Every structure is written in structure tokens, then in C-alpha cells.
Novice: 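Structure in C-alpha cells, see below.
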Amino acid sequence: MRKKRLAKRMMALALAGALVLAPAGTTLADGPGGTPPGGESGGQGGTPPDGNGGGPGGGSSSSSVTYSGANTINSAKTESDKTYASTTSDESALLIDTSDAVTITNPTVTKTGDSDGGDNCNFYGQNATVLVKGGGTTTITGGTITSSAEGANGVFSYGGNGAQNSTAGDGTTVNITDTKITTTGGGSGGIMTTGGGVTNAKNLTVETSGRSSAPIRTDRGGGTVNVTGGSYTSNGLGSPVIYSTADISVSDATLVSNQSEGVCIEGKNSIKLTNCNMTVNNSKRNSNAKFYDTIMIYQSMSGDADSGTSEFSMTGGTLTSKNGHVFHVTNTNAVINLTGAKIVNEDSGNVLISVCDDGWSGGSNIATLNASNQTLNGSILVGENSILNLKLSGTSVLNGKVSGEISDGDGNSISTSVGTVNVTMSDSAIWVLSGDTTVSSLSGTGKINYNGHTLTVGSTKYTSGSPADGITETTETGENVDNSTGNNDSGNGSGTGDNSGNNSDNGSGAGNNNDSGTGNNSGSDSQNDDNSNNNTQNLKSVSFKNVNKTIKYKTIKKKAVSYSVIKASDGGKVTYTVTKGKKKFIKVSSVGKVTVKKGAKKGTYKLKLTVDAKGNYKKTVQTIKIKIK
């Protein structure tokens, strides 16, 4: 199948022509080609992460679309309790092609029969289990829809605009409620919308298992998707829960990705989440993706989406990121709006957002992060050629630092210095520094807890006792700020203000303490676990030494090297996490003695140490760097 599809794309480079809409049973030539995110071929802009089809970016392609249905409806009709099935390649089990209203209640729909139609399946709905087109409104209630074939999306709403971006559809609308949709093949999304179609889904149960098979999926020509309630689960590679080349709104839903990103937005499109609970474990990277991430916003230049501003919004609900960066922006201009969402970052690297290069070209890496009454934990990474505008409004709390030192998922350096970072803070916003930070500009009248670190604005350095102009120095950690709103079922409304998920520890709410105290506490450097009233003025910080250690490789080949990083009398028990490098070569004792084991490999190792509060010493977190060369 891949060879055939690749051959079609190679031929497409030599062809040009306009896309002409065609009725069922005729052929049409598709528009500007894109590169399939499933990785079958590499187009002009690189391979996007979801496998939504397309030919080489920037060119034209030609393909034949013949619509066929084992069961076909061409006029107004109401049907109940019927079975629809297809076992034939490139044939839908149920094809609805009409401008009239159609009502289907409690159907049983099954589809087998693989397709190698490629773009025809992805853009126009060929081989879909249920295909709706023609401009009418179809209402589906209850029942089951099951696809066990390649290129067989569950329910496909094709709006007839010939897969032309920024072009209105013909009015085709699918209203679907209380239906169970299951797909197992590659290129088989749950609910699929293209060509300007409209899909309104309520209380669905959708699960996909194939590659490039997002449960909520869109492709070229876009459209509008509204989802209320229900559960959506993705198990396949390159299959985020939501893949957007359209305008998508989801509320009160449970969203799970067990292998891929949670959300991908390509180009000038949007996703809005309200009171949703999303859990993402991006454990495998698809095609040419260099990073692991939960919310990916990008532009592939494949032709599948117009270039412009991408937008992601989340109000209330919970976002749990188990692996990689929570947000990742590359090759596009993105706006991220967060209001009262609970963000749980379980990755040891504790990166909130990265804005940097990631293999695609033709665009810029620009992001605006608007946080309103929002708690944020983790590092902010901005590549040397990238831009971030960070706006903290209302009672927002940021526990983190800004850095330009960025490595990809393979440990390769992407950037060594920070790009342009502009920070704006409102009166009640709090920023707790977790490390030395450099930004381009700082404006507003917020509060900063320097936490023993230096903030450089332009070329001017600010520290505790010498705060930035217009900014109030504070010892507050933000742990008593409750920024929870909406349907936060995971418990972030406990009053600790710790939107990192560790609400059981009311004394450590300022950090992303999601690793049972093993050191992933990015904002808790100035914090005293025994003092829930933030009265830490009289407590001392633990004193560290040897925080940057260089060891000769020829030495470590022969024997282990041990050294202390804190005074034995300072603070309490020491725990640690290795955030960079192989864990098996590093050990840290409970009193802060670091041992690099014999045979450790060349390279840089990073550790995050947590020293518990004890006596006159407050809980402190410190990053330790070891270089073997």
C-alpha cells in the first residue's frame, strides 16, 4: 500500500490542475498535496505527526474517487434498528449522499475491507464506515459503529469544498449522540471532518487503535467540530486524541492518549477545551518528530492547513502529561490560553513549554502564553531563534525558570541560548524563580520570589534585595492561591493552589511535586513544608557546593568518584532525580554525597536534588550538573 501511495505522490509533482467537485461515482482531482503524518513519504514541509494524507507539499496531485456504499441513502429517510455492513475495499457500509434530512437510530454498522486510497480516504471519505456528504443534515442516535480495516474512518462528515482550506462547505452536518465507535486499522479516525463539514457529537464512546487514527480527527478543507461529553481514547502511534486542521470545541469529555500526543494543531486552526480531563503518555515519536510532548502546535507546510495563528484554549479541567514537554510550539505562530486548568506534569524533566526548531521549515517559532488565574509549574524553554510572550494575569502563579538550553528526545542540542522572552505580570500574579533566568523584557506590577536566583532583564541583573523596577519582591510561593475552576475531578480545588496534582501535600504546593518527593519540584526552592502560612522569612536556604563538576573520563574508567554537594549539618534528608543521562551511573546518598560509578559514559548528567526542611533550614531544590569528558 505504501509503495502505491508513494508512487501516486511522485507522479503528482508533474501534474497541476484545479479540484472539481464530483457527485458519487465520478472522479476528481485533489488540490494542493500534503505530507501524510503517518510517514509514508516526506513532503516539502516534513512529516506531520498524525497520518492524515496528502501528496508532496506545495504541489498538486491527482487521484480517483469513486464513492460506493453497501447501503446508500439519497433522499430524506428515517431508519431504526438496522444493520449496515461492508466487506469490500473502498466501499462504505453506509453512504448518505443527500441535501435532505436523514435520521438513523440505534444502528449496527460494521466495516472490513482495506483501502489503499490514501488521500481519497483522508480528504474525501472513501472507504469510511459511515460517510455523510451532499449538504444535508444526518442525525445518528445510539448504536455501534465498528471499523476493522485500513483507511476506514468511523463516521465521516465531508463538506464538499474539495479539500480547499478557508473555503465554506456545502452545509453537510452530522449530529451524533450516544453512539459507540471503535476502529482498529491505520488511517481510521473515530469522527472525521473535512472539506468544510460540520460534526456535532454528544456523549460518544470512541476508541481507536491504529496508526494515524485520532479519535477526533480532521483533515484538508477543515470544518467545524463540537464535542460534548463522552470518552475518547487513542492507542496508536501518531494518533493524538484530537488532530486539528479545523475549529474544534470539546467540553466535559474524557480524553486519553496512550502512546501519542494528546493534541496536535496544524496551521491556522484551533482547539478549545472546557472542563475536560485529558491524560497523555507520549511514549513513542512518530516519523520525524524530535520531541516528546502533550500539546503540539506546528505547521508542516504540507498543504493540509493554511498558515496563520494556531490557537489552543483550556478552561478548567485537568491536563495530565506523563512524558515530555506539556506544550511544544514549532514553525508557527501560536496562542495558548489557560484559565484555571489543573496541569499535572509527571515527566522528570518538568518542562512546561518549549518554543524552538523541530525539523520543519518555512515558518517561525512564535508563541503567546496567556495565563489567567492559572497555576503553572515547570521550565520554560525558548530557542535562540524563537519568541515567547508570557502574560500572567489575575492570580496566576508561575513556579519555574526560563532557559534557552534545549535538547531533543535523543539528547541532541537544539539551542544553547535563550531567544526573545517578554513577560507581563498583573498586580496579583506571582513568579517563583526555580533557577537563574534571562528575559528580554519584564513589565507590569506583579510579585517575584527570587528564591536565591538571579533574574536578568535585558542586560540588567536583579536579585533578592535588589528587585526589578515596578515589581514587588515577595516570599510568597503561591501555594495558598486557589486557581482551580470548572470540572477538576482530580482534586485541585483543595485550596493549596497546587495545580501540579500533589494536593495531598499542602506544604509543597509551589512545586511540581509529582514524583513522590524524588526531586521534581521546580518551584519549591524557597519552601518550608512545616509552615503552611508561608512564614519563611527566618529560615535559611541549604548551602550547596560542587554544583558543576567536571570529571575526566580516564579517571571514571578506572574507579568511581564520590564527593559532597551540601554540608552535612544543613537541612534534612536528600532525595534526587536524574533528569539527564543514564540513571544507573549516578547515586546520591541521603546526606548529599554524589557517587559517579565506574564506567560512566562521556557526556553531561543533570540531577535535581531535594533537601527536606529541618530545623532552621527550609526545603530546597538544586540542580547539579556533572560533565564527564
Side-chain angles (χ1 to χ4, degrees), residues 233-235 240-241 254-263 273 276-285 289 291-296 312 314 316-328 336 338 341-354 374-381 397-401 407-409 432 434-435 479 483-484 488-494 496-525 527 575-583 606-610 621 623:
T233 303
S234 162
N235 299 308
V241 184
T254 298
L255 308 166
V256 178
S257 175
N258 289 318
Q259 189 172 176
S260 304
E261 300 90 351
V263 160
L273 303 183
C276 291
N277 290 319
M278 176 183 286
T279 302
V280 180
N281 185 15
N282 184 198
S283 57
K284 292 185 179 180
R285 289 173 296 157
F291 290 86
Y292 297 97
D293 42 67
T294 291
I295 308 296
M296 180 178 183
F312 174 84
M314 186 171 185
T318 302
L319 173 60
T320 301
S321 176
K322 292 181 173 293
N323 190 53
H325 304 177
V326 180
F327 297 95
H328 179 54
I336 299 169
L338 302 174
K342 177 180 177 180
I343 300 177
V344 182
N345 187 353
E346 297 183 356
D347 182 74
S348 61
N350 195 28
V351 174
L352 173 66
I353 184 172
S354 56
Q374 176 68 48
T375 297
L376 302 172
N377 296 293
S379 297
I380 294 172
L381 306 181
V397 178
L398 168 62
N399 301 284
K401 64 179 181 179
S407 297
D408 64 18
V432 182
S434 65
E479 67 176 18
N483 280 324
S484 60
N488 289 336
D489 293 333
S490 297
N492 66 321
S494 65
T496 66
D498 175 12
N499 279 4
S500 67
N502 188 24
N503 287 326
S504 62
D505 182 358
N506 291 337
S508 61
N512 184 19
N513 189 9
N514 51 43
D515 198 18
S516 303
T518 59
N520 187 19
N521 304 297
S522 68
S524 59
D525 300 50
Q527 197 171 337
T575 54
Y576 72 100
T577 296
V578 178
T579 60
K580 183 176 181 181
K582 291 188 176 181
K583 300 177 182 179
K606 288 185 180 180
L607 295 74
K608 185 166 285 186
L609 271 61
T610 301
V621 176
T623 297

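Just so it is clear, the structure is predicted and the values come from calculations on it, not from any experiment.
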Novice: Applying salt bridge (charged side-chain N to carboxylate O under 4.0 Å, His left out), can you list everything that pairs with Lys606, at least two apart in sequence or on another chain?
Specialist: Glu405
Novice: How would you list, by chain and number, every residue that makes a side-chain hydrogen bond (donor to acceptor under 3.5 Å, both in side chains) with Asn258, sequence neighbours excluded?
Specialist: Asn235
Novice: Between Ile295 and Leu319, is there a side-chain heavy-atom distance shorter than 4.5 Å?
Specialist: yes
Novice: Can you tell me how far the CG atom of Leu607 sits from the OG1 atom of Thr623, to the nearest 0.5 Å?
Specialist: 9.0 Å
Novice: Hey, mind stepping through Ile380 and Leu398 against side-chain contact (heavy atoms from CB on, under 4.5 Å) and telling me if it holds?
Specialist: CA-CA 10 Å; Ile380 294 172; Leu398 168 62; 4.0 Å; yes
Novice: Please tell me if the side chains of Met278 and Val263 come closer than 4.5 Å, counting only heavy atoms from C-beta onward.
Specialist: yes
Novice: Test of understanding: with side-chain hydrogen bond (donor to acceptor under 3.5 Å, both in side chains), list the residues that count as partners of Ser321, not counting sequence neighbours.
Specialist: Thr294
Novice: To the nearest 0.5 Å, what is the distance between CG (Leu273) and OG1 (Thr318)?
Specialist: 11.5 Å
Novice: Which value, rounded to the nearest 0.5 Å, describes the distance between Ser260 atom OG and Asn281 atom CG?
Specialist: 10.0 Å
Novice: Using ring-ring contact (aromatic ring centres under 6.0 Å, His included) as the criterion, list what pairs up with Phe291, not counting sequence neighbours.
Specialist: His325, His328
Novice: Heavy atoms only: give me the nearest Leu255-Cys276 pair and the separation to one decimal.
Specialist: CD1-CB, 4.2 Å
Novice: What's the spacing between Met296 CE and Phe327 CZ if we round to 0.5 Å?
Specialist: 14.0 Å
Novice: Of all the heavy-atom pairs spanning Ala341 and Gln374, show the shortest one and how long it is.
Specialist: O-NE2, 2.6 Å
Novice: For the residue pair Leu338 and Phe312, establish whether any side-chain heavy-atom pair is separated by less than 4.5 Å.
Specialist: yes
Novice: Answer yes or no: is there a donor N or O on one side and an acceptor on the other, between the side chain of Asn350 and the main chain of Leu352, under 3.5 Å?
Specialist: no
Novice: Nearest 0.5 Å please: distance from the OG1 atom of Thr375 over to the CG atom of Asn399.
Specialist: 7.5 Å
Novice: For Lys580, which residues count as a salt bridge (charged side-chain N to carboxylate O under 4.0 Å, His left out) partner, sequence neighbours excluded?
Specialist: none
Novice: Between CD of Glu261 and CZ of Arg285, what distance do you get to the nearest 0.5 Å?
Specialist: 11.0 Å
Novice: If you look at every heavy atom in Thr577 and Ser348, which pair is closest and at what distance?
Specialist: CG2-CB, 3.8 Å
Novice: Of all residues at least two apart in sequence or in a different chain, which pass the side-chain contact (heavy atoms from CB on, under 4.5 Å) check with Lys582?
Specialist: Lys584, Phe585
Novice: Donor-acceptor pair, distance only, cut-off 3.5 Å: does the side chain of Asn323 make one with the backbone of Asn282?
Specialist: yes
